[in-house]
Amino acid sequence: VTHEGIIRALLWKIKSIDSKAAPIPRYPYGSITVLKIESGKLTVTAEGVLPEAFPDDSEICEILKICRTPDEVIRHCEAVCAAADELCAKLSKAGLRLSRGQLRAAAKLHDMCRTIGAGHPKAAARILRERGYMKIAYMIEHHHDIWENDQLDEGQILFLADKLVLSSRRVTLEERFEESLKKCRTAEALKKHTERKEKAFRIDRKISQHLGGNLQ
């Protein structure tokens, strides 16, 4: 955290820019610039990204391609995005302020690294942080076990939307957790399943209170 002029000078040095020939870049107050150190070398991976920024559809496609996300996983993500978008639209109409763009991007990318296994949320978050998308990275990193605030937010909507989709098919919470229960082989897995189920129904109830009706 420092002044724009210092950030600008540092970036010009790292990128070997001729300060006399190149135009002076401007970075918005409160924006995020990301430096990556690898093999003793500094590189710039994001410049002046605002906290509320999110990747557009073109960049989302690029990220999915880089991660070699399978088509069936992309279809799942699109179905989760549709569910999240629907919830967001209803809640926004009811007066709750949410970032539809951030939620849609997070939903489309939440399983982008699924092929690597259980660690895929952290791997995805690392890629997104390098691009300056800190809030989306947090949402995706914790989309299996999001922190449950009293105030509904995009992360909780993503968590619930993911539980309303089985493969690429919309289901009820009962159907989703009945199916996932079959995969629980240990006491620890059963405990996690129970916690996530209870959290999903709590979030569902909070949304219902905002909308004045039952989502199921």
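Below, each value reflects all heavy atoms present in this structure, side chains not excepted, and no hydrogens, waters or symmetry copies. If you're wondering where the values come from, they're calculated on a predicted model, not measured in any experiment.
- When all heavy atoms of Ala161 and Ala83 are compared, the pair lying nearest together is CB-CB, 4.0 Å.
- Comment: Glu130 does not engage Arg126 in a salt bridge, judged by the lack of any side-chain N to carboxylate O separation of less than 4.0 angstrom.
- The structure places OG of Ser31 at 10.0 Å from CD of Glu47, a figure rounded to the nearest 0.5 Å.
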side-chain contact (heavy atoms from CB on, under 4.5 Å) between Glu148 and Ile203, intermediate numbers included: CA-CA 8 Å; Glu148 190 181 352; Ile203 294 173; 4.2 Å; yes
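- Enclosure of atom NZ in Lys199 by more than 12 non-hydrogen atoms of other residues, nucleotides or ligands within 6.0 angstrom is indicated.
- From Leu103, atom CG reaches atom CG of Leu87 across 8.5 Å, with rounding to the nearest 0.5 Å.
- Smallest separation of non-hydrogen atoms from Ser180 and His193: OG-NE2, 3.0 Å.
- Atom NZ in Lys65 sits 11.5 Å away from atom CD1 in Ile74 (nearest 0.5 Å).
- Placement of Ile136 and Ile32 in two distinct hydrophobic clusters is found when ILVMFWY residues are connected by side-chain heavy-atom separations under 4.5 Å, directly or transitively.
- Contact record, Ala107 with Leu158: CA-CD1, 3.7 Å, taken as the closest heavy-atom pair.
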Evaluate Lys163 against Asp204 for side-chain contact (heavy atoms from CB on, under 4.5 Å), listing each step before the verdict. CA-CA 10 Å; Lys163 303 301 180 287; Asp204 174 82; over 6 Å; no
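- Side-chain contact check for Leu190 versus Leu181: some heavy-atom pair is nearer than 4.5 Å.
- The side-chain heavy atoms of Asp57 and Lys108, taken from C-beta on, include a pair separated by under 4.5 Å.
- Under the 4.5 Å side-chain criterion, counting only non-hydrogen atoms from C-beta, Asp145 is in contact with Arg196.
- Thr172 and Leu164 get closest at one heavy-atom pair: C-CD2, 4.5 Å.
- The two atoms that bring Leu160 and Ala200 nearest to each other are CD1-O, 3.5 Å, heavy atoms only.
- The side-chain heavy atoms of Leu166 and Glu175, taken from C-beta on, include no pair separated by under 4.5 Å.
- The salt bridge (charged side-chain N to carboxylate O under 4.0 Å, His left out) test with Glu179 singles out one residue from Lys183, Lys182, Arg176, and that residue is Lys182.
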Could you go step by step and tell me if His110 and Cys77 meet the side-chain contact (heavy atoms from CB on, under 4.5 Å) rule? CA-CA 7 Å; His110 76 280; Cys77 290; 3.7 Å; yes
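- Residues Leu109 and Val73 do not share a hydrophobic cluster, clusters being chains of Ile/Leu/Val/Met/Phe/Trp/Tyr side chains in contact below 4.5 Å.
- No side-chain heavy atom of Asp153 sits less than 4.5 Å from a side-chain heavy atom of Met139.
- Note: the hydrophobic cluster containing Phe177 also contains Val165 (ILVMFWY, side chain heavy atoms under 4.5 Å, direct or indirect links).
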Please report the C-alpha distance between His76 and Asp162 in whole Å, then the side-chain angles of each, then the deciding distance to 0.1 Å, and finally whether the side chain to side chain donor-acceptor pair (under 3.5 Å) criterion is met. CA-CA 9 Å; His76 166 76; Asp162 193 31; 3.1 Å; yes
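- Of the possible polar contacts, one joining the Thr33 side chain to the Gly48 backbone as a donor-acceptor pair under 3.5 Å is found.
- Side-chain contact, Tyr29 with Glu4: no donor N or O sits under 3.5 Å from an acceptor N or O.
- Residues Ile146 and Tyr138 form a side-chain contact, since some pair of their non-hydrogen atoms from C-beta on lies under 4.5 Å apart.
- Residue-environment remark: CD (Glu178) stays at or below the threshold of 12 foreign heavy atoms within 6.0 Å.
- Linking ILVMFWY residues whenever their side-chain heavy atoms come closer than 4.5 Å, directly or via other members, leaves Ile60 and Val80 in distinct clusters.
- Here the CG atom belonging to Leu128 is positioned 10.0 Å from the CE atom belonging to Met134, to the nearest 0.5 angstrom.
- To the nearest 0.5 Å, atoms OG1 (Thr69) and CZ (Arg75) are separated by 12.5 Å.
- Using a distance-only test at 3.5 Å, with no hydrogens or angles considered, a donor-acceptor pair links the side chain of Gln156 to the main chain of Gln151.
- Across all their heavy atoms, Leu211 and Ala94 have their closest contact at CD2-CB, 4.0 Å.
- Considering only heavy atoms from C-beta on, Tyr27 comes within 4.5 Å of Arg8 through its side chain.
- Remark: side-chain polar atoms of His210 are not paired, donor with acceptor, to backbone N or O of Ile207 under 3.5 angstrom.
- Note: His120 and His144 have perpendicular aromatic rings, judged against thresholds of 30 and 60 degrees for the angle between ring planes.
- Note on Ile66: it does not cluster hydrophobically with Met112, by side-chain heavy-atom contacts below 4.5 Å among ILVMFWY residues.
- Counting heavy atoms from C-beta on, the side chains of His143 and Asp111 come closer than 4.5 Å.
- Of the inter-residue distances, the one linking Leu98 atom CG with Ile157 atom CD1 reads 6.0 Å to the nearest 0.5 angstrom.
- Salt-bridge formation is not detected for the pair Lys41/Glu38: no Lys NZ or Arg NE/NH1/NH2 atom is positioned less than 4.0 Å from an Asp or Glu carboxylate oxygen.
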